[in-house]
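Within every chain, numbering begins at 1; the chains are lettered A, B, ... in the order of the sequence lines, protein sequences first and strands thereafter. Note: hydrogens, waters and symmetry copies are ignored here, and every other heavy atom, side chains too, is used.
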Number of protein chains: 2
Amino acid sequence: MDIITQLGPLAFASRLRRLSEHLMKDVTQIYREQAVDFKPRWFPVLYLLNQTSPMSITDIAKDLGLTHPAINQIGGAMLKAGLISSHKDDKDERRRLLGLTAKGRRIASELQPVWDDISSETMNLIRESGMDILAGLDQMELSLAQCGMYDRVRNRIKHRQYAEIEIIAYQPKYKKHFALLNREWLESYFKVEPHDEEMLADPEGRIIQNGGFIFFAKLDDDIVGTAALMKIDDTSFELMKMGVTAKARGKQAGKKLTVTAIEKARESGARTVILHTSPKLKIAERLYRQFGFVDNNGPDDRSARYRRNTISMKLELTNWKYPREENPPEP
Amino acid sequence: MDIITQLGPLAFASRLRRLSEHLMKDVTQIYREQAVDFKPRWFPVLYLLNQTSPMSITDIAKDLGLTHPAINQIGGAMLKAGLISSHKDDKDERRRLLGLTAKGRRIASELQPVWDDISSETMNLIRESGMDILAGLDQMELSLAQCGMYDRVRNRIKHRQYAEIEIIAYQPKYKKHFALLNREWLESYFKVEPHDEEMLADPEGRIIQNGGFIFFAKLDDDIVGTAALMKIDDTSFELMKMGVTAKARGKQAGKKLTVTAIEKARESGARTVILHTSPKLKIAERLYRQFGFVDNNGPDDRSARYRRNTISMKLELTNWKYPREENPPEP
DNA sequence: GAATATTACGTAAGCGCTTACACAATTGTT
DNA sequence: AACAATTGTGTAAGCGCTTACGTAATATTC
């Protein structure tokens, strides 16, 4: 039992490839022995064209799940072997229609019995496996179409990272971290204004003593992020001063800080959480929207919004729940 | 539903490859995002070396089911990335032992959780398929190890060809075919002697009127082979004058002629069939042995055998039955 | 103990696909 | 009608493996 087999699911793709190559090689050998000038990789094209009228390169590529250069190359070889002919499409001068020649059709019918043999023996092989592997592959491709391996693993990694982030409450010794983390993003996107300076100089007085909260995200003994909840009134908090250090971006610290803040606000009896952010901070905005925050700019606040370059958002805590994981298609 | 899926077992290998590539691509993307300088194709090597002491290139190749140049190239890349180190084997100056560096070991442990994620998600995917595809692959590889796709299909093709050969009895109009087919092999391997000429000139008188038989193999309206059964006495026939035209070699005509002759001899009450052939005719000899003919040269016949360059063979018809198909390993 | 076979490795070239890019024809937009 | 966007194709280059072959070290044979 070799290591690829031992590895089980981890090397699943390798095993599929190995099996595929093994089968392919045998089939090549069979063709070679039948002494037909025919390569296995031509098969799908030959088969497709044998069933339909001439098709364009991209259409064939689409049907076969290959790229158009692949079809271009296969087509070139088959053209040289005299199996297909090509001519321009009258309706669209860009398209080149590939169709079988008489020779191509003859080869196809000559190979038909061999294909039947291959098909039958593959069926036998599948039967020997004791299960309907073809149906399994169908289902697997269906599952992958719904959520690809990339998204699956990525979600899992995110969850793992999320679990690794520890959220801790404010302690005086973290005051400097609060300032540093906030300066980091303030300085790179805006400039630190007097109003900010006051807040960073005395978070305890400005936030906590007003009934607010400050959280820190800890990863492997490092403080990598922070967020603050400022109490507005008995039913609302403002989420503010959230920052994650550049080195730890993408490790779900922001997400966990946000969740913690929202839950804390709810525990404290609030019904809404508001926040102000900037259109510059695309990632933050996306995060907020993900958690259910919606635009909160009044109709006549629009001009103000753009003048101050600020987005105002709001989250109703009634019935709020942690949103379903989702991976919107990346650009 | 695309055409590859439609084709079912015929495009089974293609589907396996497609699925494998899809998975591989996603895994590449995951690695890339983890910002580790690591290529998926390095994985098996890293994993293997992480479990064992340094190994030589060919040993790794053997374990992973790849060729040694592949390992050479992967090794080169991993060496450049600082994941492995290499040094000559003291005991064998040809061998170059590859082992993980500290960095390699670190990367391996960093990637471990990601591998676990990939493994779990693949397991999920397999579970979603509704069957234990891994076990199916195990069984399939086992089946293939016992009899590869090449042999399976080849046997099937042979059977088909065998069925396509029609054996017909002697008719006067085939006299010229009998002569032509025999001249073809006589002239290319030996020279036609007076004894042969007589036989070819009057097969009816020499063979059939003596209680023997002549058969022809017909393929697509062409007479492609012949064989004769000469009656020796009440309990034995001699199989002789068997020839298949070059164009139809390998299409099982010889086999079907031999079977027909053996069965005819038995029906006619014979207990043995003998034949004389030449060591030059390797393929014929193999065919005869396949059907159970054994050497029939007496102990003091050895010298004679070599002088006359003739092999004498014999088949006992008692309990004779059509031999099991077999594909001895090709040279 | 020489001749021969085998083994380990390296290198080159090829295969079959991919991605990346270029360019022309067509379609959509205003 | 002019312009941009899209689409169909061709070409180049790359990737990851293979086969083929060369060379040196080791094992086997007589």
Side-chain angles (χ1 to χ4, degrees), chain A residues 4 13-29 31-32 38-45 54-81 84 86-98, chain B residues 4 13-29 31-32 38-45 54-81 84 86-98:
Chain A
I4 298 285
S14 291
R15 284 193 71 182
L16 291 180
R17 198 173 51 75
R18 195 171 65 175
L19 185 54
S20 165
E21 272 173 11
H22 188 162
L23 294 173
M24 288 274 202
K25 191 180 292 182
D26 277 18
V27 171
T28 308
Q29 185 61 30
Y31 281 135
R32 182 159 29 236
F38 187 79
K39 311 225 164 173
R41 70 193 187 107
W42 296 353
F43 162 68
V45 175
M55 288 176 72
S56 76
I57 302 233
T58 18
D59 286 347
I60 297 174
K62 224 169 282 170
D63 270 29
L64 298 184
L66 294 174
T67 56
H68 83 266
I71 304 303
N72 195 335
Q73 288 161 21
I74 293 172
M78 291 178 75
L79 204 64
K80 214 162 147 187
I84 59 173
S86 96
H87 50 85
K88 281 245 187 290
D89 187 347
D90 304 339
K91 314 250 194 302
D92 186 339
E93 286 280 300
R94 293 167 304 177
R95 291 158 62 90
R96 192 158 67 92
L97 298 179
L98 303 184
Chain B
I4 299 286
S14 289
R15 285 193 71 182
L16 292 179
R17 197 173 51 75
R18 196 171 66 176
L19 185 54
S20 165
E21 272 174 11
H22 188 165
L23 294 172
M24 288 275 201
K25 190 179 293 181
D26 276 19
V27 171
T28 308
Q29 185 61 30
Y31 282 134
R32 182 158 30 234
F38 186 79
K39 311 225 165 174
R41 68 193 189 107
W42 296 353
F43 162 69
V45 175
M55 288 176 73
S56 76
I57 303 229
T58 20
D59 286 348
I60 298 175
K62 223 169 283 171
D63 269 30
L64 298 184
L66 293 175
T67 56
H68 84 264
I71 304 303
N72 194 336
Q73 289 161 20
I74 293 173
M78 292 177 74
L79 204 65
K80 213 162 149 188
I84 60 174
S86 97
H87 51 85
K88 280 244 188 286
D89 187 347
D90 304 339
K91 311 253 193 303
D92 186 340
E93 288 279 301
R94 292 167 304 176
R95 292 158 61 90
R96 190 158 68 92
L97 298 179
L98 303 184

Quiz item: Between A:Met24 (CE) and D:dT19 (C1'), how many Å, whole number?
Solution: 18 Å
Quiz item: Under a 4.5 Å cut-off applied to non-hydrogen side-chain atoms, are B:His87 and B:Arg96 in contact?
Solution: no
Exercise. Answer whether the closest heavy-atom distance between the side chains of A:Arg18 and A:Ser14 falls below 4.5 Å.
Key: no
Self-check item: Proximity to DNA chain C (any heavy atom under 4.0 Å), residues of residues 38-45 of chain B only
Solution: none
Quiz item: Please give, in whole Å, the distance from C:dA24 P to A:Arg95 CZ?
Solution: 20 Å
Self-check item: Non-neighbouring partners of A:Asp26 that pass side chain to side chain contact (heavy atoms under 4.5 Å, CB included), sequence neighbours left out
Solution: A:His22, B:Met149, B:Tyr150
Practice problem: Provide the closest heavy-atom pair for A:Leu64 versus A:Val45 in the form atom of the first, atom of the second, distance. | Solution: CD1-CG2, 3.7 Å
Self-check item: 5′-ward residue of the pair B:Ile57/A:Ala70 relative to DNA chain C
Solution: B:Ile57
Quiz item: Who are the side-chain hydrogen bond (donor to acceptor under 3.5 Å, both in side chains) partners of B:Arg17, not counting sequence neighbours?
Solution: B:Glu21
Self-check item: B:Lys88 and B:Leu97, any side-chain heavy atoms less than 4.5 Å apart
Solution: no
Practice problem: Would you indicate, yes or no, if C:dT18 has its OP1 or OP2 atom less than 4.0 angstrom from a side-chain nitrogen or oxygen of A:Thr67? | Solution: yes
Quiz item: Listed by chain and number, what are the side chain to side chain contact (heavy atoms under 4.5 Å, CB included) partners of B:Pro40, not counting sequence neighbours?
Solution: B:Val27, B:Thr28, B:Tyr31
Practice problem: For B:Glu21, answer base if it contacts any base atom (sugar-phosphate contacts may also be present), sugar-phosphate if it contacts only those atoms, and nothing otherwise; contact means non-hydrogen atoms under 4.0 Å. | Solution: nothing
Quiz item: How many Å lie between CZ on A:Arg96 and C1' on C:dA25, as a whole number?
Solution: 16 Å
Quiz item: What about B:Gln73: does its side chain form a donor-acceptor pair under 3.5 Å with the base of D:dT18?
Solution: yes
Exercise. Send over the distance from B:Met78 CE to D:dG16 P, rounded to a whole Å.
Key: 13 Å
Self-check item: Phosphate-side-chain proximity, A:Asn72 and D:dT9, N/O vs OP1/OP2 below 4.0 Å
Solution: no
Exercise. With the side chain of A:Leu66 defined as its heavy atoms from C-beta on, choose the nearest nucleotide among D:dG10, D:dC17, C:dC17.
Key: C:dC17
Quiz prompt | Whole-Å distance separating the NZ atom of B:Lys25 from the P atom of C:dT18 | solution = 7 Å
Quiz item: Heavy atoms under 4.0 Å, any strand shown: does B:Lys88 hit a base, just sugar-phosphate, or nothing?
Solution: nothing
Exercise. May I ask you to test the A:Leu16-B:Leu23 pair for a side-chain heavy-atom distance under 4.5 Å?
Key: yes
Self-check item: Results of side chain to side chain contact (heavy atoms under 4.5 Å, CB included) for A:Asp92 - residues two or more places apart only
Solution: A:Asp89, A:Arg94, A:Arg95
Quiz item: Nearest of D:dG8, D:dT18, C:dT19 to any side-chain atom of A:Thr58?
Solution: D:dG8
Quiz item: With side chains defined as the heavy atoms from C-beta onward, is the minimum distance between B:Ile60 and B:His68 less than 4.5 Å?
Solution: no
Nucleotide N/O of nucleotides 21-25 of chain D paired with protein N/O under 3.5 Å:
{"residue": "D:dA25", "atom": "N3", "partner": "B:Arg94", "partner atom": "NH1", "Å": "3.2"}

Self-check item: Interatomic distance where NZ belongs to A:Lys91 and P belongs to C:dT26 [whole Å]
Solution: 12 Å
Exercise. Take the protein atom CZ of A:Arg17 and the nucleotide atom P of D:dC15, then report the distance between them rounded to whole Å.
Key: 17 Å
Exercise. Round to the nearest Å and state the distance from A:Met55 atom CE to D:dT9 atom C1'.
Key: 15 Å
